[in-house]
Structure formats: C-alpha cells, structure tokens
Amino acid sequence: MEKNNQRENNAEENNQTIKMEGDKWTTPDMPTIPFTYGDGIGPEITAAAISIMDAAVEKAYNGSKKINWLHVDAGEEAQKKYGTGLPDETMETIKKYKIIFKGPLTTPVGSGFRSLNVTLRLAMDLYANIRPVKYINGLDSPLKYPEKVDMVIFRENTDDIYTGIEWPYNSAEAEKLREFLKSSFDVNIDHDAGIGIKPIGKAKTQRITRMAIKYAIENNRKSVTVMHKGNIMKYTEGAFKDWAYEVATKEFRDKIITEDELYSKYAGKMPEGKILFNDRIADNMFQQIITKPDTYDVILAPNLNGDYISDACGALIGDIGVLGGANIGDNGGMFEAAHGTAPKYAGKNVANPMGILKAGELMLTFMGWTEASELIAKAVEKSMKDRKVTPDIARYMGVDALGTKEFAQYLVEAIKTA
C-alpha cells in the first residue's frame, strides 16, 4: 500500500487527475486511473485490456501521454482480506480520482452481500449507464441483417428497484408494511409475498434525458426512443416517459421533433437537422429491435428496462461478451465489461477480453484520447477479418482459437504496426 500511496502523492503534486464538470472532461497527459482486476476471469481479461490500451496510447501519442494505473482492492479478494468487498480505502481512492476501470465483480443471487456494481454506482452517483451496441463483422448473429444493429442504450442507473428497498416475505418489516397498506389504503398484499419499492424520480429522469439527447446531438444520431411500461406502472415508468418528453420539448425544442409532429407537420418525412424523439412500450420494444433494428438509435430507459434491453441488444449482434459499458455521472466515471465473472473459465486462458477492452475504448473516448480509442477499434476489426479470435468466436468461424494472452498480443502487434 506504501507504493500506491506514493503514486497518489505524485499524481496530486503533478495535478495528474482527470477533472469533470458536467459533461466536460479535462484530462492531463499522464492521469492516474484506479483499476480493479475483478473476480473469475477478471484478472486475465483486465490485464489483457490494459496491455492493449497502453499500446494504443503509446502508438497514438508517441510517449507524450500515458496512463498511470493504480490498483485498488475490490471483490472476492478484498472480501477475504478486509472482510468487505469494497474497503473504505478503495472507495476513497476512486472518489479522489473520480474514475475506475473495473473488471467484473461477483454479484450474489438471493442472499449475501449487496452488488458491488450497484454500490459503486450509487456512491459515485453514476446515473447513466451507456452501452453502445454495434455489429462487428464476423460475429455469428441470429439476425439475417445484423449490420443494421447500431444502437446506444442510456440506462438510468441510480433509481428504480435497484435502490434495494425490499424485505423478505416473513420479515417484521414486511408484516408492518402489509398492515400499514391495509389500514391506510385498503390494499391487501398476500402474507407470503416479499415486498419491494420502485422509486422513479423526476430530477433523476430529467438529468439522464438531457445526457441522452446531448449525446444524440453531438454524435449525429437520428432518434431517441424512451422505453417504458407506463401503460401499467403509470406513476413510475409512465412518469419517466412524461418527464423525458418535458425535457425534450422544453429544453431541446430547436433540435427535436416528436413522432406526433413527424406525421402531423412533416407528413412522415424527417426534416433536415432534427432528431426524432419518441417512445415505445417495453414489450413492444423487444420485438421491434428484432424485426426492424435499424429504426432505433439511442434508447433511453429506466434502470430495470435498461438492464433488460442492453443484454437483448447484445444478443442481436451474436455475443454479449464483446460489449463494454460506461457508467457516467457529473463527477465520475466507471468503465466495465457487460458480462459477468464466468468463474468456470477462470485461469484457463480462454476468456475473451473484448468486452472490457471495449469499455477501455469508451474510457479513452470520454478522456478525449480519440486517436487511441480509434486504434483499438481498428485492431479489433482486423482481428475479426484475420479470424484471430478467442474460443467463444473461433468455434463459429471454424478456426483455431487464440488464448486470452495470445489474443492480446495479436492486438498489441496490430496497433504497433498500424
């Protein structure tokens, strides 16, 4: 820990921390970025991704820029060492540097410690989970025309049922709440039912809507679609939809048109320079991304729907394992793969690091180091074209697979010779 403290002191003296003000990031030439290896396959894929990112930064900037990686403890190893999966020192370091590059962490099902991913998001107020999903030529997709898939999901990250407000069916709290609902509102809940609360707030909905629309404007996207189940959950997901429209029509009036306006004013033809703002019921959305994926671009959703649709979109391109995501707030960012820890593959040199690498690519983009992120994207495209892939993809291509380390080495060499 002494070495880590020394690196932190050096970074502070040289002002090598990323500064964030809303959607503006200021990145020094040699920022310190905390990272955790994660659990299961995490150490292998995280190490591979870091080696590739370092090669891209070196190639792009010829030594004038560099990431100072700072390891922090989290997950199963931290649990064994400190009795907690997220030690206070780790959290303090992340908050200090405002960013974390994170390998996958174990999330228990049914019981055990709370999801560390959710804990980090809430602690850092990382209210937007951003996941680009675009087909990579060579993946074995179930779609006839997978090249039509090019979407970016904005999932609200801090609200909804992920706040963890729930009680077991046989707890004193659940019994007390059942009695209160019966006596105060004449609402009956079965005695053997667990109870959870689903809060969705106006301010939280408004801020992620602003971020999604700004992203669409800055990246020349064609539409923003609100995914909700407001026909049933009228005062939570229905309100999410209404509040999103309110932001769109009041704050971005010169940039967007609604679907009603598209047909009532423009005869169904999109006017030049405008973004379509519309909404879809959640169950309808799932079938539409399969039947006509090219009609959807930026998808804005509450937390639970965003979780569902992110993985569903990943399935459309054939492999969720190649997806990375960004968790962004006004004062911080966390970058991680979309998949889990896959413990049965740990230590076997077979895991695909592309998901966490794509998260690293996103991180470099947010840092403003787009030259480096583009080098990674091109190297990945080359690996697919040359059929130099890990076992999960090789079995569909019918080619010999590269191990995790060998795949990373291939990408490093592809970047160096680019």
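Residue indices begin at 1 and follow the sequence shown. Both backbone and side-chain heavy atoms feed into the values below; hydrogens, waters and symmetry mates do not.
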Could you walk me through whether L139 and Y396 pass side-chain contact (heavy atoms from CB on, under 4.5 Å), step by step? CA-CA 8 Å; L139 290 177; Y396 296 115; over 6 Å; no
Which heavy atom of M20 sits nearest to which heavy atom of I99, and what is that distance? CE-CB, 4.4 Å
Side chain to side chain, F335 and I100, heavy atoms closer than 4.5 Å: no
For F180, all residues meeting ring-ring contact (aromatic ring centres under 6.0 Å, His included), sequence neighbours excluded: F185
Could you check whether any side-chain heavy atom of K98 comes within less than 4.5 Å of a side-chain heavy atom of M124, counting everything from C-beta outward? no
Donor-acceptor pair, side chain of E237 and main chain of G230, under 3.5 angstrom: no
Counting only heavy atoms not in K222, do more than 12 fall under 6.0 Å of its NZ? yes
Taking everything shown except Y345 itself, do over 12 heavy atoms lie less than 6.0 Å from its OH? no
Taking side-chain contact (heavy atoms from CB on, under 4.5 Å) as the criterion, tell me which of N327, I356, L120 meets it with K102. L120
Basic-acidic side-chain contact under 4.0 Å: K96, E89: no
Is any side-chain heavy atom of I130 closer than 4.5 Å to a side-chain heavy atom of I153? no
Check the angle between the aromatic planes of W25 and F366 and answer parallel, tilted or perpendicular using the 30° and 60° thresholds. tilted
Short side-chain donor-acceptor distance under 3.5 Å, K148 and Y135: no
Using a strict threshold of under 4.0 Å (side-chain N to carboxylate O), is an ion pair present between E92 and K95? no
Y82 and D88 side chains, donor-acceptor separation under 3.5 Å: no
Determine, stepwise, if the pair D73 / K80 fulfils salt bridge (charged side-chain N to carboxylate O under 4.0 Å, His left out). CA-CA 11 Å; D73 292 313; K80 295 175 185 176; over 6 Å; no
For residues D159 and N303, is any side-chain donor paired with an opposing acceptor at under 3.5 Å? no
Residues, nucleotides or ligands: over 12 heavy atoms within 6.0 Å of Y61 OH: yes
Just do the side-chain contact (heavy atoms from CB on, under 4.5 Å) check on W243 and I200 with the steps written out, would you? CA-CA 11 Å; W243 292 327; I200 290 185; 4.3 Å; yes
Between the side chains of Q288 and N284, does any donor sit under 3.5 Å from an acceptor? yes
Distance (rounded to the nearest 0.5 Å) between M367 CE and K65 NZ: 8.5 Å
Would you kindly say whether T365 and T370 are connected by a side-chain donor-acceptor distance under 3.5 Å? no
Without swapping roles, check the side chain of K274 against the backbone of D254 for a donor-acceptor pair under 3.5 Å. yes
Just by modelled atom types, is the L86 backbone N or O under 3.5 Å from a matching donor or acceptor in the T90 side chain? no
Without swapping roles, check the side chain of R387 against the backbone of M397 for a donor-acceptor pair under 3.5 Å. yes
Shortest non-hydrogen separation from A212 to L300 and the atoms involved: CB-CD1, 4.3 Å
So does E76 get a backbone contact from the side chain of D39, meaning a donor-acceptor N/O pair under 3.5 Å? yes
How many angstroms lie between CG in D125 and CD1 in I328, if you round to the nearest 0.5 Å? 12.0 Å
Does some side-chain heavy atom of T249 sit less than 4.5 Å from a side-chain heavy atom of T258? yes
Any chance the side chains of D307 and Y162 put a donor and an acceptor closer than 3.5 Å? yes
Measure the shortest side-chain to side-chain distance between L357 and M53 over non-hydrogen atoms and say whether it is less than 4.5 angstrom. yes
Check the pair I299, M285 against side-chain contact (heavy atoms from CB on, under 4.5 Å), reporting the backbone distance first and the verdict last. CA-CA 10 Å; I299 299 173; M285 188 81 201; 3.5 Å; yes
Answer yes or no: does atom NZ of K204 have more than 12 heavy-atom neighbours from other residues, nucleotides or ligands under 6.0 Å? yes
May I have all residue pairs that pass ring-ring contact (aromatic ring centres under 6.0 Å, His included) and include part of residues 287-329, sequence neighbours excluded? none
Indicate yes or no for a side-chain donor-acceptor contact from T341 to the backbone of P104 under 3.5 Å, with no hydrogens or angles considered. no
Carboxylate-amine/guanidinium contact R178 E175, below 4.0 Å: yes
Working note: E336 + R121, criterion salt bridge (charged side-chain N to carboxylate O under 4.0 Å, His left out); need CA distance, chi angles, decisive distance, verdict. CA-CA 12 Å; E336 60 186 345; R121 291 168 189 163; 3.2 Å; yes
Flag yes if more than 12 heavy atoms outside K134 fall under 6.0 Å of its NZ atom; otherwise flag no. no
Using distance alone, with no hydrogens and no angle criterion, decide if T158 and E156 have a side-chain donor and acceptor under 3.5 Å apart. yes
Is it the case that N352 and T390 place a side-chain donor and acceptor less than 3.5 Å from each other? yes
Going by heavy atoms in the side chains, are R221 and D150 under 4.5 Å from each other? yes
When you measure from the side chain of K234 to the backbone N and O of N231, does any donor-acceptor pair fall under 3.5 Å? yes
For the NZ atom on K182, are there more than 12 heavy atoms of other groups (residues, nucleotides or ligands in this structure) within a distance under 6.0 Å? yes
Sequence neighbours left out, cut at 3.5 Å: what donor-acceptor pairs do the side chains of residues 166-173 make with other protein atoms?
unit_1 : atom_1 : unit_2 : atom_2 : d
S171   : OG     : P168   : O      : 2.8
S171   : OG     : A174   : N      : 3.1

Mind checking the CD1-CD1 spacing from I67 to I18? Nearest 0.5 Å is all I need. 8.0 Å
Report the C-alpha separation of D29 and K66 in whole Å, then their side-chain angles, then the decisive distance to 0.1 Å, and conclude whether the salt bridge (charged side-chain N to carboxylate O under 4.0 Å, His left out) test is met. CA-CA 6 Å; D29 289 339; K66 180 183 178 182; over 6 Å; no
Give the intermediate values and the outcome of side-chain contact (heavy atoms from CB on, under 4.5 Å) for residues N305 and D160. CA-CA 10 Å; N305 287 339; D160 208 340; over 6 Å; no
Measuring only between side-chain heavy atoms, which start at C-beta, is V298 closer than 4.5 Å to S223? no
Let me see the working for K59 and E371 under salt bridge (charged side-chain N to carboxylate O under 4.0 Å, His left out), right down to the final yes or no. CA-CA 9 Å; K59 175 71 175 182; E371 297 85 357; over 6 Å; no
Between V152 and F154, is there a side-chain heavy-atom distance shorter than 4.5 Å? yes
